[in-house]
Amino acid sequence: MSEQNVHNVIIIGSGPAGLTAALYTARANLKPIVFEGMQPGGQLTITTEVENYPGFEHGIMGPELMDVMRKQAQRFGADCRFKFIDKVDFSSRPFKLFSEDQEHLAKAVIIATGASAKLLGLPSEAEYMGFGVSACATCDGFFFKNQRIIVIGGGDTAMEEANYLTKFGKEVMIVHRRDEFRASKIMLERAQKNPKIKLLTDTVLEEVVGVNEDGKKRVTHAKLKNLKSGKVYDQEVEGIFLGIGHKPNTDIFKGQIDLEDNGYIKTSKINTKTNIEGVFACGDAQDHVYRQAVTAAGSGCMAAIDVERYLEEHHG
Ligand code: NDP
């Protein structure tokens with residue numbers, strides 16, 4: 001099924017990048033369509049307090065920030081749809097985008113599909129995902145009241161998740177593969193000062209161990225390996241959270257636009273153009289360096305201005 005209408009611009013994704021692009025293109029009277037995707041509002045909807053988004057002296061909850069951003073874009077006419085794009089065809093114009101079986105046409109496209117939490121890839125991790133293993137503390141922390149929790153990773157995500165999880169768990173152990181942390185000083189110090197948090201370095205998770213009682217799976221142990229001594233041992237634990245970074249959500253663009261080896265979208269160094277004229281990319285889907293809500297929003301604004309200029313030049 002195809003929509004007859006050729007839209008000026010379709011925005012794929014609804015994190016800070018997508019919704020800022022929506023706000024700017026809506027104010028430019030381009031009547032943008034936003035396909036919000038699998039996680040409307042993006043990654044900030046699964047964080048707690050955002051302390052580093054300018055304009056909020058006392059911080060703001062991630063889901064609230066995204067709600068406000070959406071409403072602000074809608075106020076100027078952005079058409080936000082709770083659907084996801086599962087296929088694109090940029091080989092001819094207008095560009096074709098597919099949401100399930102429905103085809104949508106656009107003169108210009110802004111890709112703002114963001115990134116998702118990385119997993120270790122262990123079969124046991126997959127087996128217990130949702131049954132003691134999680135990649136989202138704010139979604140699942142509540143289920144681990146007074147229990148023992150491990151957080152894997154040594155960056156800001158791991159520190160933030162660990163701090164948050166101390167609200168629920170009786171003890172939280174951060175397990176990191178090196179003895180130096182990638183986390184910012186302030187986040188690391190906060191974790192170090194938290195009496196419920198213990199930091200374990202030079203250690204990796206080898207396997208998730210659990211039981212299946214009457215069809216109910218639960219985690220009982222983490223098989224940990226100390227990389228310095230080579231010792232492998234079982235650590236009793238009920239919850240294991242992954243905080244090891246993110247991967248860009250760009251699978252549907254493979255073969256359609258140029259991607260870096262690590263999957264991030266290649267854009268010009270000075271603007272948001274991809275190698276296909278009329279297709280622009282912003283936010284975490286093309287930025288593996290800064291990856292902040294505010295930089296994503298900034299690049300969403302850039303993409304909107306790039307689209308406006310492109311449409312003026314090519315479509316009058
Ligand atoms: P990072 O890439 O910064 O850190 C990932 C961590 O996970 C690293 O310590 C890494 O180890 C470890 N890791 C990666 N892969 C594996 C693996 N296979 N096995 C074991 N450990 C692994 O990602 P983050 O998500 O933490 O942060 C990304 C960006 O987002 C940063 O710029 C950060 O500042 C920002 N951020 C900011 C927050 C805030 O300000 N509130 C909150 C969360 C993130 P190694 O160090 O050895 O590579």
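Counting convention: from 1, in listed order, for ligands and their atoms alike. For this chain, numbers begin at 1 and follow the sequence in order.
Atom 5 (C) of ligand 1 has its nearest heavy-atom neighbour, among V50, D287, I244, in I244. For atom 45 (P) of ligand 1, the choice among R182, E161, E160 with the nearest heavy atom turns out to be R182. For atom 11 (O) of ligand 1, the nearest non-hydrogen atom from the set R177, M187, R291 belongs to R177.
Ligand 1 lies nowhere less than 4.0 angstrom from a heavy atom belonging to K118.
Close approach of ligand 1 to R178 (heavy-atom distance below 4.0 Å) involves ligand atoms 45 (P), 46 (O), 47 (O). In summary, the atoms of ligand 1 found under 4.0 Å from a heavy atom of H246, numbered by their order in the structure, are 25 (O). Atoms of ligand 1 found under 4.0 Å from any heavy atom of H176, numbered from 1 in the order shown, are 9 (O), 11 (O), 45 (P), 46 (O), 47 (O).
Protein heavy atom at the shortest distance from atom 23 (O) of ligand 1 is G245 CA, 3.6 Å. In terms of protein heavy-atom proximity, atom 40 (O) of ligand 1 is closest to N52 ND2, 3.1 Å. Nearest protein heavy-atom neighbour of atom 25 (O) of ligand 1: T157 OG1, 2.5 Å. Among protein heavy atoms, the minimum distance from atom 9 (O) of ligand 1 is reached at G154 N, 3.0 Å. Residue, atom and distance of the protein heavy atom nearest to atom 32 (O) of ligand 1 are Q292 NE2, 3.4 Å.
A centroid separation of 6.0 Å or more is found between the aromatic rings of H104 and F98. In summary, the aromatic rings of F144 and F168 are positioned with their centroids too far apart to meet the 6.0 Å limit.
Neither the backbone nor the side chain of E51 comes within 4.0 Å of ligand 1, counting heavy atoms alone. If you look at V204 next to ligand 1, there are no close heavy atoms at all, none under 4.0 Å.
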Stepwise side chain to side chain contact (heavy atoms under 4.5 Å, CB included) check, V50 with N52: CA-CA 6 Å; V50 181; N52 53 8; 3.6 Å; yes

Stepwise side chain to side chain contact (heavy atoms under 4.5 Å, CB included) test for M66 and M61: CA-CA 9 Å; M66 299 322 299; M61 297 306 281; over 6 Å; no

Side chain to side chain contact (heavy atoms under 4.5 Å, CB included) between T267 and K273, worked out: CA-CA 5 Å; T267 50; K273 290 179 183 176; over 6 Å; no

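Every N/O-N/O distance between L120 and ligand 1 stays at or above 3.5 Å. Considering both main-chain and side-chain atoms, D156 comes within under 3.5 Å of ligand 1 through a nitrogen or oxygen pair. Not one N or O of E180 is nearer than 3.5 Å to an N or O of ligand 1, by distance alone.
Under a 4.0 Å N-O distance rule, the pair R309/E313 does not qualify as a salt bridge. Ionic pairing of D284 and R291 is not present here: no N-O contact between side-chain nitrogen and carboxylate oxygen is shorter than 4.0 angstrom. Using a 4.0 Å cut-off between charged nitrogen and carboxylate oxygen, D79 and R81 count as a salt-bridge pair. Residues E160 and R190 are not paired through a salt bridge, judged by the lack of any N-O separation under 4.0 Å between the basic side chain and the carboxylate.
Ring geometry for F253 against F90 counts as parallel: the plane angle stays under 30°, on a 0 to 90° scale with 60° as the upper cut.
Remark: R27 qualifies as a cation-pi partner of F76 under the 6.0 Å distance and 45° angle criteria applied to the six-membered ring.
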